[in-house]
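I have placed the structure first, in the form of structure tokens, so that the comments after it can refer back to it.
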Protein chains: 2
Amino acid sequence: MSTATPTSRSLADAFTAKGLRLTAQRRVLLEIIESATSHLDAAGLLQLARDRDARINRATVYRTLEILKKLGLIDELDLMHLNGEKHYYEIRTGRDHIHLACFECGRIEEYESPVFDQLKQEIAQKQGFSIGVVRMEVGGRCSICVRANSREQ
Amino acid sequence: MSTATPTSRSLADAFTAKGLRLTAQRRVLLEIIESATSHLDAAGLLQLARDRDARINRATVYRTLEILKKLGLIDELDLMHLNGEKHYYEIRTGRDHIHLACFECGRIEEYESPVFDQLKQEIAQKQGFSIGVVRMEVGGRCSICVRANSREQ
DNA sequence: GCCTTAGTTGCGACTAGTCGCAATAGAGGA
DNA sequence: TCCTCTATTGCGACTAGTCGCAACTAAGGC
């Protein structure tokens, strides 16, 4: 959920463009991240990587994620700690979005809005803050659970 | 950084009002949290609590913070992991605010805005989401560091 | 195709936070 | 004031994430 849009076609391209080495481990990790359809956590990423190739260490997964964060190619999410302390990751594609986490059913919704864009612009202008990353998460009850509850009594 | 404003005068009052026991450990922790002037982390809170009273365990600190979060009396912050993975806590006072974390100097700024309030309202209305907690954090460079850098070359 | 070398990896030990369980101690009633 | 009962605590073991260091290997030069 952050500000610039990546310019390179693939994550691997971005790595080599920055003079970073494309090791076997990184190649696997980057492919998995690129093809992921849902929010990945580090443990899941490690598992998928090991399924595909063998020798890869937990620390390498974390270090690779760290680099991708710093390059602004992925965003790190807490998802309001719905499933404990762990973090989730998603590729930074187009526009920043807000994550809405339902404490009742666990659903995660993504939300984008011109007002959100306006808010970021305001922070940059009024506060003189040069924005690198934005993370906005909301916890509560999704529309489905709200409706279900009001029907209940 | 969240939505409802607490109604009770002190955290201890809120505990008893909810039928929660006021143990010696909780009394100490709540007092420290109430009188804190800066963002506290769990380890700092534990240390301060042990300085004041003796027997208090790490787990109790985390459990007490958990309760306060659930009651909406404190907010949990990451501060963009400026100092590693740990969390910070602040009493929920008036209006929700955004935390701006400078990656260069480590300064934390707090920012509030009608646009932020409007955004939350929009999420509730358009998405039908019942908001419990909102966390918005921005990482980048503060105005001071931006100015310093532009002057540099 | 081989050498060199600096970036990267795995390992193991560490910090932050969570959880189950038995022991303890608030708080309300007698 | 004492008793009871259940919420709460401490403990120890666990998960998630980080870090220093020695071993390894990608990538560029010959």
Side-chain angles (χ1 to χ4, degrees), chain A residues 11-30 33 39-50 52-71 74-89 135, chain B residues 11-30 33 39-50 52-71 74-89 135:
Chain A
L11 298 180
D13 287 350
F15 262 60
T16 49
K18 281 279 172 184
L20 295 163
R21 289 191 190 160
L22 260 193
T23 62
Q25 291 89 336
R26 285 181 177 170
R27 239 183 272 272
V28 171
L29 289 172
L30 298 183
I33 293 169
H39 295 135
L40 269 176
D41 59 37
L45 181 54
L46 175 60
Q47 191 50 60
L48 287 171
R50 280 186 169 159
R52 199 181 290 200
D53 201 320
R55 280 206 107 49
I56 183 158
N57 189 270
R58 235 158 50 89
T60 301
V61 171
Y62 284 110
R63 285 192 278 236
T64 304
L65 289 170
E66 189 59 33
I67 292 170
L68 289 168
K69 269 195 285 175
K70 286 222 173 105
L71 294 180
I74 60 170
D75 281 313
E76 185 184 66
L77 317 171
D78 276 4
L79 300 185
M80 290 320 268
H81 299 168
L82 270 185
N83 294 301
E85 274 303 300
K86 68 186 169 196
H87 293 133
Y88 294 87
Y89 300 89
R135 178 148 95 192
Chain B
L11 298 180
D13 286 351
F15 262 60
T16 48
K18 282 277 173 186
L20 295 163
R21 288 190 189 161
L22 259 191
T23 63
Q25 291 89 335
R26 286 181 176 171
R27 240 183 271 273
V28 171
L29 290 172
L30 299 183
I33 292 169
H39 296 135
L40 269 176
D41 60 37
L45 181 53
L46 175 60
Q47 191 49 59
L48 287 171
R50 281 188 169 158
R52 200 182 289 202
D53 202 318
R55 281 204 108 48
I56 184 156
N57 188 271
R58 234 158 52 89
T60 301
V61 171
Y62 285 109
R63 286 192 278 237
T64 305
L65 289 169
E66 190 59 33
I67 293 170
L68 289 167
K69 269 195 285 176
K70 286 220 172 107
L71 294 180
I74 60 170
D75 282 312
E76 185 183 66
L77 317 172
D78 275 3
L79 302 183
M80 291 320 269
H81 300 167
L82 269 184
N83 295 301
E85 272 305 297
K86 68 187 169 195
H87 293 132
Y88 294 87
Y89 301 89
R135 177 149 95 193

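All chains are named by letter (A, B, ...) in the order of the sequence lines, taking the proteins before the strands, and each is independently numbered beginning at 1.
For A:Y62 and D:dG17, the shortest distance from a side-chain N or O to OP1 or OP2 is below 4.0 Å. For A:Q25 and C:dG10, the shortest distance from a side-chain N or O to OP1 or OP2 is below 4.0 Å. Put simply, B:T60 has a side-chain N or O that comes within less than 4.0 Å of OP1 or OP2 on D:dG10. The side chain of A:H87 contributes no N or O atom lying less than 4.0 Å from OP1 or OP2 of D:dA16. Neither OP1 nor OP2 of C:dG10 sits under 4.0 Å from any side-chain N or O of A:R55. Distances shown here put a side-chain N or O of A:N57 below 4.0 Å from the OP1 or OP2 atom of C:dC11. A close approach under 4.0 Å does occur between a side-chain nitrogen or oxygen of B:T23 and OP1 or OP2 of D:dT9.
At distances below 3.5 Å, at least one donor-acceptor pair connects side-chain atoms of A:R26 with backbone N or O atoms of A:R21.
Nearest-nucleotide positions on DNA chain C place A:T64 closer to the 5' end than the other of B:A59 and A:T64.
Heavy atoms of B:A43 sit nowhere under 4.0 angstrom from any nucleic acid atom. Here A:R58 lies in heavy-atom contact (under 4.0 Å) with a base. Within 4.0 Å of B:R63, counting heavy atoms only, lies at least one base atom of the nucleic acid. In this structure, B:A24 reaches neither bases nor backbone, as no heavy-atom distance under 4.0 Å exists between it and the strands shown.
At whole-Å resolution of the value, CG in B:L46 and C1' in C:dT15 are 13 Å apart. At whole-Å resolution of the value, CD1 in B:I56 and C1' in D:dG10 are 11 Å apart. If you take CZ of A:R27 and C1' of D:dA26, they are 9 Å apart, rounded to a whole angstrom. If you take CG of B:D78 and P of D:dT18, they are 11 Å apart, rounded to a whole angstrom. The NZ atom of B:K70 sits 12 Å away from the P atom of D:dT8 (whole-angstrom rounding). Atom P of nucleotide C:dA27 and atom CZ of B:F15 are separated by 12 Å, given to the nearest angstrom. Here C:dT24 presents its C1' atom at 14 Å from CZ of B:R26, a figure rounded to the nearest Å. One can place CG of A:L22 at 10 Å from P of C:dT9, the figure rounded to the nearest angstrom.
In the interface, the side chain of B:R21 is paired with the base of D:dA7 through a donor and an acceptor atom under 3.5 Å apart.
Side-chain contact between B:L45 and B:Y89 is absent, with no heavy-atom pair separated by less than 4.5 Å. Looking only at side-chain heavy atoms (C-beta outward), A:E85 and B:E85 stay at 4.5 Å or farther from each other.
Across every non-hydrogen atom of A:I74 and A:I33, the tightest pair is CG2-CG2, 4.2 Å.
With 3.5 Å as the limit, one finds no donor-acceptor pair spanning the side chains of B:D41 and B:H87.
Few gaps surround CZ on A:R52; more than 12 heavy atoms of other groups in view lie less than 6.0 Å from it.
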